[in-house]
Every structure is written in structure tokens, then in C-alpha cells.
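Below is one structure, written out as C-alpha cells; comments come after it.
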Amino acid sequence: QQKVQQSPESLSVPEGGMASLNCTSSDRNFQYFWWYRQHSGEGPKALMSIFSDGDKKEGRFTAHLNKASLHVSLHIRDSQPSDSALYFCAARRGSALGRLHFGAGTQLIVIP
Amino acid sequence: GPKVLQIPSHQIIDMGQMVTLNCDPVSNHLYFYWYKQILGQQMEFLVNFYNGKVMEKSKLFKDQFSVERPDGSYFTLKIQPTALEDSAVYFCASSPGGADEQYFGPGTRLTVL
């Protein structure tokens, strides 16, 4: 069973629209979460991390964490064609240095 | 920003041969990682490495796998002998500390025939 599950598998939004990506974990030991973005032919690049309940905003990107429900989301405001990529949620246990557990990813397509 | 390099980008070998994947991590980073991604599946942790030692490895890190970083040069993943199920994209990553953001390389696509 995958410990980090992402939805939807793919998402299309118009340029300028809002994209919302979801991530749920099944392990209550996961305390630290990251969102990574991967463009075709490249390695994943960290977008942002979130470790505390609530919202964290960085520019057009807002992450939300609810530890009680083990749910993390990423919202992209004013989506741009350059945001088209594969987005991964990754989780780490508090006791384990470094090891990240990745979800299967959400493919985001921003339509010009 | 900081970049992790991986050499080669593609490698095709026959089953049973040895292969070494090379990673040039970010220069001041102390933690190093290998992840495996089979086409269409999620990225899976293989191993992390710090201060010359393996810190943690997953079930995917078979006995045929080994890692090292001799004298601060490339961080390498060696597979000997290779098996068909080793075909995947292997990503190297590095981070300043064990709890910090991990910087990923572009990956090495390994095809075992």
C-alpha cells in the first residue's frame, strides 16, 4: 500500500486559473512534507516545505497542512504555462533523517 | 541555484554486467541519496549516505548494490551483477543536513537487456 497518495492523477487548468493538488498520507509518523515539481527530462525541484498545521504561502503557491487528517494540499494561483509539470508530494518521518516517501505525482497542464 | 550532476544520462547494459552510476553533488552538502523510479511509478528511496557511511537503506537496496564517495569525489551507485528489474531511472540527491531540502540531479536512465 502506498503511504503517500496524490490526487488527481492529472489536472488541466486554463492560464490564469487556480490549480489545487491533494496529498494524503497513511502514516501518522509523517511530520514533514514537501512539494516537488519535475519538468520533463529534469530531476525534481523542491517548491516548498510545510511542517506546521495551517497555510504557508510563497508567491503564487500556497500549501496547507492538516496533521489530524494527514492531508496536505498545494494551490497554485494565476497558473502559467510554465507551471505545467509533474508535481510530487513527499513526506518524511520525524525520526528518520533524509528519507523521503514520494507520492505517484499529479500531472498539471496549464492551457494557454 | 545549486545543481547536482549525474553521469551518464543513459546507460544500456546486458544483464549480469556491472554498472556504476555517478553523481556530482552540491559542493558543500553532507548528505547524499539515491532514489529509483520505474517508468510510470513513484520514486522510491534506495539509500542515504553521510560521513562515509550508509545511514539507512530500503528493501530495494539489494545486496548487489553498493555506494561510496571516495575522497570527496563522485558519489557512486554500483550494481553488480545487474538484473532486468534494475531497469529504471536513478536519481541522485544531496542536502546540507539530513532534515534539509534535497537537491536532485536529472537522473540516469538505466536499461538492462
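Below, read A as the first sequence line, B as the second, and so on, with proteins coming before strands; counting in each chain starts at 1.
Following chains of ILVMFWY side-chain contacts shorter than 4.5 Å, one can reach V47(B) starting from F65(B), so the two form part of one hydrophobic cluster. Under a hydrophobic clustering in which Ile, Leu, Val, Met, Phe, Trp and Tyr are joined whenever their side-chain heavy atoms come within less than 4.5 Å, directly or via other members, Y87(A) and V89(B) fall into different clusters. F49(B) and L30(B) are assigned to two separate hydrophobic clusters, defined by single-linkage of ILVMFWY side chains at heavy-atom distances under 4.5 Å. Cluster membership check: M55(B) shares its hydrophobic cluster with Y32(A), using side-chain heavy-atom separations under 4.5 Å among Ile, Leu, Val, Met, Phe, Trp and Tyr. In the hydrophobic clustering of this structure, W34(A) does not group with L74(A); members are Ile, Leu, Val, Met, Phe, Trp, Tyr whose side-chain heavy atoms approach within less than 4.5 Å, directly or through other members.
Heavy atoms from other residues, nucleotides or ligands lying under 6.0 Å from OH of Y31(B) number more than 12. Counted within 6.0 Å of NZ on K67(A), heavy atoms from surrounding residues, nucleotides or ligands total more than 12; the atom is thus considered enclosed. No more than 12 heavy atoms of other residues, nucleotides or ligands sit less than 6.0 Å from atom NZ of K78(B). Around the CE atom of M15(B), the shell of radius 6.0 Å holds no more than 12 heavy atoms that belong to other residues, nucleotides or ligands.
In this structure, chain B has a heavy atom under 4.5 Å from the side chain of Q38(A), while its backbone stays farther away. For Y50(B), no part sits under 4.5 Å from any heavy atom of chain A, backbone or side chain. Interface residue Q37(B): only side-chain heavy atoms are found under 4.5 Å from chain A.
Contact record, F102(A) with M43(B): CB-O, 3.6 Å, taken as the closest heavy-atom pair. In terms of heavy atoms, A104(A) sits closest to Q42(B) at CA-CB, 3.7 Å. Of all heavy-atom pairs between E56(B) and R99(A), the closest is OE2-NH1, 3.1 Å.
Proximity to chain B among residues 42-62 of chain A is limited to E42(A), G43(A), P44(A), A46(A), judged by heavy-atom separations below 4.5 angstrom. At a heavy-atom cut-off of under 4.5 Å, chain A is reached by E101(B), Q102(B), F104(B), G105(B), P106(B) from residues 101-113 of chain B, listed in order of number.
Between L100(A) and Y33(B), the closest side-chain pair of non-hydrogen atoms is not below 4.5 Å.
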